[in-house]
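Report on the structure given below.
Excluded from the calculations below are hydrogen atoms, water molecules and symmetry mates; all remaining heavy atoms, backbone and side chain alike, are included. Worth saying up front: this structure is predicted, and the values here are computed from it rather than measured. As the structure lists them, so they are numbered: ligands from 1, and atoms in each ligand from 1.
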Amino acid sequence: MSDSVGEDYQLETLAVRAGGQRSQFNEHSEALYLTSSFVFDSAAQAAARFSGAEAGNVYSRFTNPTVSMMQDRLAALEGAEACVATASGMAAILATVMALMQSGESIVAAQGIFGATQQLFGGILPKFGITTRFVVGTDPEAFRAAIQPGTRLLFIETPSNPLTEVFDIAALARLAHGAGALLVVDNCFCTPILQRPLELGADLVIHSATKYLDGQGRVLGGAVLGARAVVDEVFKFLRSAGPTLSPFNAWVILKGLETLPLRMAAQSEAALALASWLEAQPAVSRVLHPCLASNPQHALAATQQSAAGAILSFEVRGGREAAWRVVDNCRLISITANLGDTKTTITHPASTTHGRISAEARAAGGITESLLRVAVGLEALTDLQADLARGLATIA
Ligand SMILES: *Cc1c(COP(=O)(O)O)cnc(C)c1O
């Protein structure tokens, strides 16, 4: 996989230039190749392309030049040897498991991972003989206790959603390797701009490109990154099974990556400012954000992420009714569970994203009725504060 700029460049430079390839027209902006298949010069070339003896595109379920540019740019940002793009974040997770595991093997996953990932691991994979143990809390010892013979993958998201708990990537990587397993990190919330798990020892990084990589809520996409030998296994599954990324979505994400460093910096800074402001509001009892000085995981977060990211949670005084009042008084902030957009969103996890799990499991997982999650976008901070202040004023 070629880089049109070397890896010595800074992230901001890689974001706009890495992976870019020009056609014979010498276009400045990366081209969108909307074609399902590619033509060969001869029968011999067709045979060589199909057998893999000659590198080159065959069919867009296998490879496509626009998708390749997006993969190369993201690989440069994550510092990964290889990247393969997928139709969505969930397709990336499914492809990883299907490519690397077999019946009888198991996964150890953090309890607070994305809802659909929990459903895939807990509800669907057991049909194929792959089981998952979910670990409560962030303590690596709890992960150690859950590992069994046949454990192939340790799976985390850090910081977690919605409680923003931080997992020690380097410690969990050592633990995984000691057990002959791989550490997989879903790096959706930080993106490579704020955290590069592969440099800390993780084996694979997963992305939902639907979130910050596109960053403007337009398309679905995903990616798996890591060492070439492992990513090649995932690619083999994808080219046969089919959940690959469309060239159009790849092009949107490729262009989205160009502004990723700026967006992550601005949204992250705004989230920290909003978290500090919320801490001072009398109607707010608790603010969860890994980079607040009040957070017990502040020091660990500082060792592995350069900023906190744009997601924060807070608890209001009172229960569900008080929390819903804050939501219902928002005129600007969107009431939706989506995140990673330039538009700020607010969610009441206990009645939406975590509404289907039992009240006991919610309590054990810290998802209280008074908890709200905000994914901060690019609006003016004062407008966001005013939008939340309206609802908070009805509580205090
Ligand atoms: C959204 C999300 C996913 C799934 O991504 P899709 O693109 O919606 O399939 C996986 N992990 C995390 C952390 C997410 O937020």
Side-chain angles (χ1 to χ4, degrees), residues 67 70 74 78 83-98 107 109-125 132 134 153-167 169 184-192 194-195 197 202 204-225 234 238 241-246 248-250 252-253 256-257 260 264 267 271 290 305 308-313 334 336-341 343 345-347 349 352-354 365 367 373-377:
V67 176
M70 181 247 147
L74 187 56
E78 280 286 1
C83 171
V84 65
T86 57
S88 67
M90 290 318 302
I93 297 171
L94 175 69
T96 300
V97 171
M98 292 308 232
I107 302 170
Q111 189 208 32
I113 54 176
F114 187 63
T117 315
Q118 290 185 41
Q119 188 53 32
L120 173 68
F121 288 1
I124 297 173
L125 293 179
T132 299
F134 291 100
L153 304 180
L154 265 56
F155 191 101
I156 57 167
E157 286 163 23
T158 182
S160 73
N161 175 29
L163 300 178
T164 73
E165 288 177 317
V166 179
F167 293 79
I169 296 172
V184 183
V185 179
D186 182 332
N187 202 25
C188 175
F189 299 128
C190 275
T191 81
L194 306 183
Q195 171 171 277
L204 289 172
V205 162
I206 300 279
H207 274 292
S208 168
T210 316
K211 311 295 168 50
Y212 293 102
L213 304 190
D214 165 23
Q216 289 148 86
R218 297 169 294 192
V219 298
L220 276 89
V224 183
L225 299 105
V234 180
L238 285 164
T244 44
L245 187 63
S246 94
F248 179 79
N249 289 11
V252 171
I253 295 162
L257 287 176
L260 183 64
M264 289 313 287
Q267 290 175 234
Q305 34 185 115
I311 298 181
L312 64 93
S313 292
S334 313
T336 172
N338 194 29
L339 60 91
D341 202 311
K343 297 179 175 70
T345 66
I346 191 164
T347 313
T352 59
T353 52
H354 293 68
I367 312 291
R373 188 199 72 193
V374 176
V376 180

Partner of Leu94 by side chain to side chain contact (heavy atoms under 4.5 Å, CB included), out of Thr86, Leu238, Ile124, Leu120 = Leu120

For the pair Gln195 and Ile169, evaluate side chain to side chain contact (heavy atoms under 4.5 Å, CB included) and give the outcome as yes or no after the intermediate values.
-> CA-CA 10 Å; Gln195 171 171 277; Ile169 296 172; 3.8 Å; yes

If you take all heavy atoms of His207 and Glu78, which pair is closest and at what distance?
-> NE2-OE2, 2.7 Å

Find out whether Arg218 and Asn249 are in side-chain contact, i.e. whether some heavy atom of one side chain is under 4.5 Å from a heavy atom of the other.
-> no

For Ile206, the side-chain contact (heavy atoms from CB on, under 4.5 Å) test, sequence neighbours excluded, returns Ala92, Ile93, Thr96, Phe155, Val184, Asp186, Val224

Stepwise side chain to side chain contact (heavy atoms under 4.5 Å, CB included) test for Ile113 and Ile156 = CA-CA 7 Å; Ile113 54 176; Ile156 57 167; 5.7 Å; no

Near ligand 1, which residues have a heavy atom under 4.0 Å away from one of its atoms?
-> Ser88, Gly89, Met90, Phe114, Glu157, Asp186, Cys188, Phe189, Ser208, Thr210, Lys211, Gly221

